[in-house]
*Asks:* 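One structure is given below, represented as structure tokens, and several questions about it will come after.
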Amino acid sequence: MTTDSQSKDFIRTIIDEDLKSGKHSQIVTRFPPEPNGYLHIGHAKSICLNFGIGAEYQNSRCHLRFDDTNPSKEEQEFVNSISSDVKWLGFDWGEHLHFASDYFDQLFDYAVQLIKLGKAYVCELSGDEVRQYRGTLTDPGQDSPYRQRDLAENLDLFQRMRAGEFEDGSRVLRAKIDMKSGNLNMRDPVIYRILRADHHRTGSKWCVYPMYDFTHCLSDSIEGITHSLCTLEFMDHRPLYDWVLETLATDNHPRQIEFARLNLTYTVMSKRKLMQLVSDGLVNGWDDPRMMTIAGLRRRGYTPASIRNFCSGIGIGKRDSWIDMGVLENAVREDLNELAPRVMGILDPLKVIIDNYPEDQVEEIEAKNHPQKPEMGSREVPFCREIYIERHDFLEEAPKKFFRLAPDREVRLRYAYFIKLAKVVKDESGKVIEVHCTYNPESRCGNSPDGRKVKGTIHWVSARHALDAEIRLYDRLFTDEFPDGNKEKDFKESINPESLKVLKNCKVEPGLAQVKSGANLQFERQGYFYVDPNDSSPGQPVFNRTVTLRDSWARRNK
Ligand code: ATP
Ligand code: MG
């Protein structure tokens with residue numbers, strides 16, 4: 001039984017009923033990716049649903065099954081990435097790692113059985129002809145001239161297809177159902193084709209491969225799946241799913257249930273389009289932190305929990321809808337707000353010289369790792385006469401509400417002292433190159449010495465001790481809310497030119513030389529960042545911005 005009855009969706013309600021009525025005593029689901037690309041956030045919804053159910057219900061489970069029936073597009077690289085992404089999300093298939101290709105012999109036998117039942121025939125129409133004969137939604141289809149072939153001839157031809165006697169595409173095996181059906185999927189669908197392509201698991205053993213609709217239901221049945229959960233576009237395939245299993249009278253007939261796929265604004269989701277971004281060099285690979293792939297999100301700094309929380313938050317429904325990208329970003333913000341230690345880093349440094357601070361003095365200032373969580377402890381950061389602040393935290397002509405460094409205003413340095421502007425140094429072009437300040441020695445630890453109010457607090461790092469670092473500011477990959485929603489426009493035209501800004505000259509607190517790659521942290525007042533595992537080296541971290549502290553897109557859209 002599920003523990004969280006409040007958030008029960010319609011699928012879990014069906015499962016509860018099936019358990020209660022005794023139809024099933026255990027639940028078996030599966031996640032069936034095709035290994036032709038990396039997993040994306042849409043897949044995460046399906047993974048959380050299927051593996052979530054497998055884990056929630058007593059002695060139940062979820063299988064990971066690769067739907068590898070199309071050798072021309074599938075690769076071991078994708079099998080590996082998909083497996084590690086599912087694991088990273090926190091799920092476990094135990095002993096149930098399966099491949100549709102493991103069933104090729106069984107599937108072939110099932111096809112032979114269909115022929116013997118008079119329910120399948122070898123057809124020699126070309127692909128185009130098959131389409132023409134199929135008809136349309138308004139016109140009924142036409143019988144193939146090969147439909148009435150006798151059983152013996154069909155068996156002989158099918159065996160010879162397998163033996164490699166015919167050319168690719170010259171013949172197919174079709175289920176014999178109903179060319180007048182209102183459902184196009186039932187108009188004698190192709191169930192086997194000839195294809196000479198090396199398969200990543202079966203090599204050159206086969207030159208005939210089963211089609212998805214034939215493979216999927218039978219794989220489900222073979223594995224003892226009880227509930228076969230898929231997205232809404234498979235609703236029209238359900239009659240075929242049921243027809244195959246009924247006609248072959250299999251022992252196990254899983255129930256297919258459709259749910260709404262995840263659609264997310266400001267992104268594209270199909271593997272084909274993600275693949276295009278990679279192959280056109282518009283992003284740096286499948287795990288580019290701007291990609292809505294699991295690998296990209298991981299490298300961006302998303303945590304498994306943030307993705308699981310996102311998926312459970314959006315729920316499971318029966319009608320297609322759109323989720324705003326801000327919802328996903330908020331999920332990671334919430335998780336990182338809890339767990340990410342706070343540190344200080346300057347993205348665009350401006351040097352500040354504190355004139356009345358002793359030249360060779362260095363103080364260790366105590367800084368909290370998480371102001372709301374004392375249990376996360378504190379650390380020491382060095383403070384001395386020269387520090388860096390963020391260039392935008394200083395304005396010579398500041399509006400009234402600018403509570404940062406400006407003439408005649410006092411500002412608090414986080415955990416350190418109050419400072420006041422003394423002098424501005426500019427180069428010939430008028431650009432500010434450094435500013436001089438004075439500090440109030442009695443304001444140590446940011447405490448007000450005489451109860452006077454200082455509204456603004458800014459972050460800083462010691463100039464003498466700072467670690468130079470590269471910081472990558474990632475933003476949404478598309479500026480368009482629906483990048484592939486316009487048929488006239490290529491989705492690649494709405495790529496956000498500011499989706500990546502690389503800052504090479506950043507100054508971060510020196511303790512970060514020891515930060516582990518793969519760590520999440522918050523640069524105070526800037527956002528959440530992730531230590532890039534690929535490009536960081538010992539003592540030389542590279543930080544990827546996961547998300548800003550606040551949703552700037554929501555404001556922009558208003
Ligand atoms: P894409 O259309 O992005 O190429 P796909 O459906 O072809 O994806 P599969 O590998 O066939 O990719 O998908 C594996 C499982 O993930 C399927 O059960 C599919 O329904 C589910 N899935 C794919 N995209 C989404 C999505 N956006 N939301 C929910 N589930 C999805
Ligand atoms: Mg698919």
Side-chain angles (χ1 to χ4, degrees), residues 9 11 29-54 62-70 72-75 77-83 85-86 89 91 93 98-101 200 211-213 215-217 219-220 223 225 227-238 241 254-279 286 291-297 307-308 310-325 327-328 482-485 491:
D9 52 68
I11 292 176
T29 54
R30 86 286 168 269
F31 173 65
E34 187 183 350
N36 62 350
Y38 278 59
L39 295 180
H40 52 62
I41 184 72
H43 293 116
K45 176 174 179 176
S46 178
I47 293 169
C48 289
L49 175 66
N50 281 295
F51 278 97
I53 287 171
C62 177
H63 298 186
L64 175 60
R65 183 202 315 138
F66 287 97
D67 169 33
D68 55 350
T69 53
N70 188 1
S72 53
K73 288 196 182 157
E74 294 156 5
E75 289 174 27
E77 176 196 353
F78 300 134
V79 170
N80 298 345
S81 73
I82 290 170
S83 314
D85 286 350
V86 172
L89 279 172
F91 298 109
W93 52 82
H98 301 294
F99 293 82
S101 55
H200 69 109
M211 303 301 286
Y212 173 85
D213 280 319
T215 309
H216 194 76
C217 53
S219 306
D220 280 353
E223 291 178 17
I225 302 299
H227 298 80
S228 179
L229 313 178
C230 58
T231 38
L232 289 176
E233 67 272 22
F234 289 100
M235 188 157 344
D236 289 343
H237 296 243
R238 184 170 5 116
Y241 185 105
R255 173 168 175 190
Q256 175 177 313
I257 307 173
E258 306 87 15
F259 63 96
R261 64 192 292 114
L262 168 66
N263 296 308
L264 197 61
T265 59
Y266 294 98
T267 191
V268 295
M269 200 88 95
S270 96
K271 270 184 276 187
R272 194 175 53 78
K273 289 184 176 153
L274 296 172
M275 171 92 75
Q276 249 177 293
L277 292 170
V278 174
S279 49
W286 285 98
M291 291 277 273
M292 282 296 127
T293 51
I294 306 294
L297 289 164
I307 295 177
R308 291 195 306 264
F310 167 75
C311 290
S312 71
I314 58 176
I316 300 293
K318 288 193 240 194
R319 216 167 317 143
D320 272 320
S321 63
W322 286 84
I323 303 293
D324 190 84
M325 178 66 87
V327 177
L328 177 64
F482 304 104
D484 52 6
F491 73 98

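Because only heavy atoms are used, hydrogens play no part in the values below, and waters and symmetry mates are left out as well, while side chains stay in. For ligands, and for the atoms within them, numbers begin at 1 and follow the listed sequence. Predicted model, so just to flag it, every value in this text is computed and none were measured.
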*Asks:* Tell me which one of L262, N263, L49, V268 gets a heavy atom nearest to atom 27 (N) of ligand 1.
*Replies:*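 Heavy atom nearest to atom 27 (N) of ligand 1 belongs to L262.
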*Asks:* Report yes if some N/O of K45 lies less than 3.5 Å from some N/O of ligand 1; otherwise report no.
*Replies:*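 In this structure, K45 places no N or O atom under 3.5 Å from an N or O of ligand 1.
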*Asks:* Would you find a donor on one side and an acceptor on the other, under 3.5 Å apart, between the side chain of E223 and the backbone of H98?
*Replies:*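 No, E223 side chain to H98 backbone: no donor-acceptor pair under 3.5 Å.
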*Asks:* Pull out every atom of ligand 1 sitting under 4.0 Å from any heavy atom of E34, numbered as shown with elements.
*Replies:* 9 (P), 10 (O)
*Asks:* Is the W286 ring parallel, tilted or perpendicular to the Y38 ring (thresholds 30°, 60°)?
*Replies:*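 Parallel, since the angle between the ring planes stays under 30°.
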*Asks:* Judged on heavy-atom distance to atom 2 (O) of ligand 1, which of M269, R272, R261 sits nearest?
*Replies:* R261
*Asks:* Of all residues at least two apart in sequence or in a different chain, which pass the ring pair (Phe, Tyr, Trp, His ring centres under 6.0 Å) check with F491?
*Replies:*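 For F491, no residue satisfies ring pair (Phe, Tyr, Trp, His ring centres under 6.0 Å) once neighbours in sequence are set aside.
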*Asks:* Walk me through whether H237 and Y241 qualify under ring pair (Phe, Tyr, Trp, His ring centres under 6.0 Å).
*Replies:* CA-CA 6 Å; H237 296 243; Y241 185 105; over 10 Å; no
*Asks:* Can you name the side chain to side chain contact (heavy atoms under 4.5 Å, CB included) partners of N263, sequence neighbours left out?
*Replies:* R261, D320, W322
*Asks:* Checking N50 against S46 for the side chain to side chain donor-acceptor pair (under 3.5 Å) test, could you report, in this order, the C-alpha distance in whole Å, the side-chain angles of both residues, the deciding distance, and whether it holds?
*Replies:* CA-CA 6 Å; N50 281 295; S46 178; 3.3 Å; yes
*Asks:* Hey, is H40 touching ligand 1 through its side chain, its backbone, both or neither, going by heavy atoms under 4.0 Å?
*Replies:*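 Side chain only; the backbone of H40 stays clear of ligand 1.
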*Asks:* Short N/O distance, under 3.5 Å, between G42 and ligand 1?
*Replies:*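 For ligand 1, there is an N or O atom that lies under 3.5 Å from one belonging to G42.
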*Asks:* Give the minimum heavy-atom separation between F66 and V79, together with the two atoms involved.
*Replies:*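 Here F66 and V79 meet closest at CZ-O, 3.6 Å.
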*Asks:* Do ligand 1 and P33 have nitrogen or oxygen atoms that lie under 3.5 Å from each other?
*Replies:*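 Not met; the criterion fails.
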*Asks:* Which of the atoms of ligand 1 are close to S270, meaning less than 4.0 Å from one of its heavy atoms?
*Replies:*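 Matching atoms, with element in brackets: 3 (O).
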*Asks:* Ignoring hydrogens, just give me the one of R30, H43, E233 whose non-hydrogen atom is nearest atom 22 (N) of ligand 1.
*Replies:* H43
